[in-house]
Amino acid sequence: MWLFALFIAVPLIEIALFIQVGGAIGLWPTLAIVVLTAIVGTQLMRAQGALAMSQLRESFGQLNDPTEPLAHGAMILFSGALLLTPGFFTDFVGFALLIPAVRRAVYHWVRARVQVQTFTMGPQDPNDPRRPHPHNPKDDVIDGDFEDVTPEKRPTHPGVEGPSGWTKH
């Protein structure tokens, strides 16, 4: 229901703002502001996106939890979509999401409300004696001899000399 209300409210807010701003400054300045915010927003989104990608690479490189850099990247992408959408309200929200402090606040707000469940098998304490220890792959090699005990194939059709190889007997 919240999503439905959002899809109804945002266009109504945008229309009201267009009417108010257009009435105050005129049609052409209003359109110029909309186009200018899309251009400036795209440039800011590129810069913030590059920063978020470097933070994500750093997180992967240090084997840290990449959740926050991924969330920042998603919010930057969402802000770009909002900035390309004509309107003052969507531009305001889009520009707000380009501010790192706002993204951090949104991330912590969402993280406090989302419950992530994980599943693990076996002991997770590194000092637990039951935890499997890393081992040398050479220790997995088992040397042995074998003998093929597959029974000899016999023809199933009369008049055929030997097994054809097309059927298993």
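Source: prediction; values computed, not measured. Atoms considered below: every heavy atom in the structure, side chains included; atoms not considered: hydrogens, waters and symmetry mates.
Counting heavy atoms from C-beta outward, Leu70 and Leu56 have side chains that approach closer than 4.5 Å. Under the 4.5 Å side-chain criterion, counting only non-hydrogen atoms from C-beta, Glu68 is not in contact with Arg111. Ile33 places a side-chain heavy atom less than 4.5 Å from the side chain of Ile25. With contacts defined as side-chain heavy-atom distances shorter than 4.5 Å, the pair Ser79/Phe95 does not qualify. A heavy-atom distance below 4.5 Å is found between the side chains of Val34 and Phe88.
There is no path of hydrophobic side-chain contacts, each under 4.5 Å, that joins Trp28 to Phe18. A continuous path of ILVMFWY side-chain contacts below 4.5 Å connects Met45 to Leu36, so both sit in one hydrophobic cluster. Under a hydrophobic clustering in which Ile, Leu, Val, Met, Phe, Trp and Tyr are joined whenever their side-chain heavy atoms come within less than 4.5 Å, directly or via other members, Val93 and Val102 fall into the same cluster. The hydrophobic cluster containing Val106 does not contain Leu77, counting ILVMFWY residues as joined when their side-chain heavy atoms lie under 4.5 angstrom apart, directly or transitively. Each of Ile15 and Ile8 belongs to its own hydrophobic cluster when Ile, Leu, Val, Met, Phe, Trp and Tyr are linked at side-chain heavy-atom distances under 4.5 angstrom.
Within the 3.5 Å criterion, the main-chain N or O of Trp109 finds a donor-acceptor partner in the side chain of Arg113.
Sorted by first and then second residue, the pairs that involve residues 86-102 and meet side-chain hydrogen bond (donor to acceptor under 3.5 Å, both in side chains), not counting sequence neighbours, are Glu14-Thr90, Thr37-Asp91.
Of all non-hydrogen atoms in Pro66 and Ser59, the two that sit nearest each other are CA-OG, 3.4 Å. When all heavy atoms of Met75 and Arg103 are compared, the pair lying nearest together is CE-O, 3.3 Å.
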Practice prompt. Would you check, one step at a time, whether the test side chain to side chain contact (heavy atoms under 4.5 Å, CB included) holds for His72 with Gln48?
Written response: CA-CA 9 Å; His72 281 263; Gln48 289 293 313; over 6 Å; no
Worksheet item: Could you walk me through whether Val40 and Leu83 pass the side chain to side chain contact (heavy atoms under 4.5 Å, CB included) check?
Response: CA-CA 9 Å; Val40 171; Leu83 289 168; over 6 Å; no
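Going from atom CG of Leu84 over to atom CD1 of Ile39 covers 10.5 Å, rounded to the nearest 0.5 Å. Going from atom CD1 of Ile13 over to atom CZ of Phe89 covers 4.5 Å, rounded to the nearest 0.5 Å. Separation of atoms CG (Leu31) and CG (Leu27) is listed at 4.5 Å; rounding is to 0.5 Å.
Applying the side chain to side chain contact (heavy atoms under 4.5 Å, CB included) criterion to Ala52, with sequence neighbours excluded, gives Ile76. For Phe78, the side chain to side chain contact (heavy atoms under 4.5 Å, CB included) partners are Leu82, Leu97, not counting sequence neighbours.
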